[in-house]
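This report refers to the structure that appears directly beneath it.
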Amino acid sequence: MCIKEVLHRVGYVRNLAGLSAREVSLRMGMSPQYVAQLESGRIVLTVEKLLQILEICNFSVERFFSSNIADYEVDEELKNLIEDLPVDKKRNIIEFIKK
């Protein structure tokens, strides 16, 4: 995942939480423009600041870095359901999907 995608995801997470860039910046104790500048790539994002933003937005690190951030919850539910199945049922699902 490139930095451009990471910054795009920061904006996605913030918007999903219903927070403005200004509000997140202030909650971080930063200048009101901090997150807007960060999302535009004018400021370097550190791991510490990313984790702080995710915490403010109540967003998991696992979901943030998942391959499909928008469908994460559905994908996780499906994965958990499939993992709990016996092998023969898993094979049935594989065959069904292949058809």
Side-chain angles (χ1 to χ4, degrees):
M1 181 181 311
C2 69
I3 190 65
K4 191 173 185 176
E5 174 67 16
V6 170
L7 297 178
H8 175 76
R9 286 179 178 224
V10 168
Y12 174 83
V13 167
R14 181 181 54 71
N15 286 315
L16 196 62
L19 299 171
S20 68
R22 177 183 173 83
E23 187 172 355
V24 174
S25 296
L26 295 175
R27 287 187 188 186
M28 293 175 74
M30 306 301 286
S31 72
Q33 304 83 16
Y34 177 79
V35 171
Q37 291 176 339
L38 188 145
E39 288 178 11
S40 69
R42 288 180 275 167
I43 294 177
V44 175
L45 175 64
T46 64
V47 172
E48 178 185 7
K49 294 298 182 195
L50 174 59
L51 294 176
Q52 191 176 6
I53 291 168
L54 294 177
E55 184 177 324
I56 289 167
C57 295
N58 194 29
F59 205 88
S60 75
V61 173
E62 295 81 11
R63 182 175 179 189
F64 185 84
F65 287 106
S66 67
S67 61
N68 191 340
I69 192 170
D71 295 337
Y72 176 80
E73 290 170 348
V74 172
D75 291 347
E76 282 299 301
E77 182 179 4
L78 183 59
K79 183 181 89 174
N80 291 334
L81 288 170
I82 291 172
E83 284 177 349
D84 293 339
L85 292 174
V87 173
D88 62 318
K89 297 225 184 249
K90 290 177 185 178
R91 286 190 180 115
N92 289 343
I93 291 171
I94 291 169
E95 290 305 313
F96 176 77
I97 292 171
K98 285 181 177 179
K99 292 180 182 180

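- Cluster annotation: Val13 is not connected to Val74 through the hydrophobic network of ILVMFWY side chains, with a link wherever side-chain heavy atoms come within less than 4.5 Å.
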> Does the side-chain contact (heavy atoms from CB on, under 4.5 Å) test come out yes or no for Ile69 and Arg63, once each step is laid out?
Replying inline: CA-CA 6 Å; Ile69 192 170; Arg63 182 175 179 189; 4.2 Å; yes
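- When hydrophobic clusters are built by joining Ile, Leu, Val, Met, Phe, Trp and Tyr residues whose side-chain heavy atoms come closer than 4.5 Å, directly or via intermediates, Ile53 is not grouped with Val44.
- Nearest heavy atoms, Leu7 versus Glu39: CB-O, 3.8 Å.
- Taken to the nearest 0.5 Å, the CD atom of Gln52 stands 5.0 Å off from the NZ atom of Lys49.
- Residues Phe64 and Val10 come closest through the heavy atom pair CE1-N, 3.8 Å.
- Atoms CE and OG, from Met1 and Ser67 in turn, are 8.5 Å apart once rounded to the nearest 0.5 Å.
- Annotation: Glu73, atom CD; neighbour count of heavy atoms from other residues, nucleotides and ligands within 6.0 Å does not exceed 12.
- Scored by the salt bridge (charged side-chain N to carboxylate O under 4.0 Å, His left out) test, Arg91 finds no partners at all (sequence neighbours excluded).
- Scanning for salt bridge (charged side-chain N to carboxylate O under 4.0 Å, His left out) contacts around Glu77 gives an empty result, with sequence neighbours left out.
- For the residue pair Val24 and Ile56, the shortest heavy atom distance occurs at O-CD1, 4.1 Å.
- Taking a 6.0 Å sphere around CD of Glu55, one finds it holds 12 or fewer heavy atoms contributed by other residues, nucleotides or ligands.
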> Do Arg42 and Ser40 pass the side-chain hydrogen bond (donor to acceptor under 3.5 Å, both in side chains) test, and can you show the C-alpha distance, the side-chain angles, and the key distance before you say yes or no?
Replying inline: CA-CA 6 Å; Arg42 288 180 275 167; Ser40 69; 2.8 Å; yes
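- Residues Met28 and Val6 fall within the same hydrophobic cluster, defined by Ile, Leu, Val, Met, Phe, Trp and Tyr side chains chained together at heavy-atom separations under 4.5 Å.
- What you find for Tyr72 and Glu62 is that their closest heavy atoms are OH-CB, 3.5 Å.
- When all heavy atoms of Leu16 and Phe59 are compared, the closest pair comes out as CD2-CE1, 3.7 Å.
- Expressed to the nearest 0.5 Å, how far CD of Glu23 lies from CZ of Arg14 amounts to 10.0 Å.
- For the residue pair Ala36 and Ala21, the shortest heavy atom distance occurs at N-CB, 3.8 Å.
- Summarising the geometry, atom CG belonging to Leu78 is positioned 7.5 Å from atom CD1 belonging to Ile93; distances are rounded to the nearest 0.5 Å.
- Few gaps surround NZ on Lys90; more than 12 heavy atoms of other groups in view lie less than 6.0 Å from it.
- Under the 4.5 Å side-chain heavy-atom criterion for ILVMFWY residues, no single connected hydrophobic cluster contains both Val87 and Ile82.
- No side-chain heavy atom of Leu54 sits under 4.5 Å from any side-chain heavy atom of Ser60.
- Look at Glu95 and Lys99 and you find no salt bridge, because none of the NZ, NE, NH1 or NH2 atoms lies under 4.0 Å from a carboxylate O.
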> Could you go step by step and tell me if Leu38 and Met30 meet the side-chain contact (heavy atoms from CB on, under 4.5 Å) rule?
Replying inline: CA-CA 11 Å; Leu38 188 145; Met30 306 301 286; over 6 Å; no
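- Within 6.0 Å of the CG atom in Asn58, the count of heavy atoms belonging to other residues, nucleotides or ligands does not exceed 12.
- Without hydrogens or angle criteria, Ser25 side chain to Gln33 main chain gives no donor-acceptor distance under 3.5 Å.
- Between Asp75 atom CG and Asn80 atom CG the span is 11.0 Å, to the nearest 0.5 Å.
- Leu50 and Leu26 fall into different hydrophobic clusters, where Ile, Leu, Val, Met, Phe, Trp and Tyr are joined by side-chain heavy atoms under 4.5 Å apart, directly or via other members.
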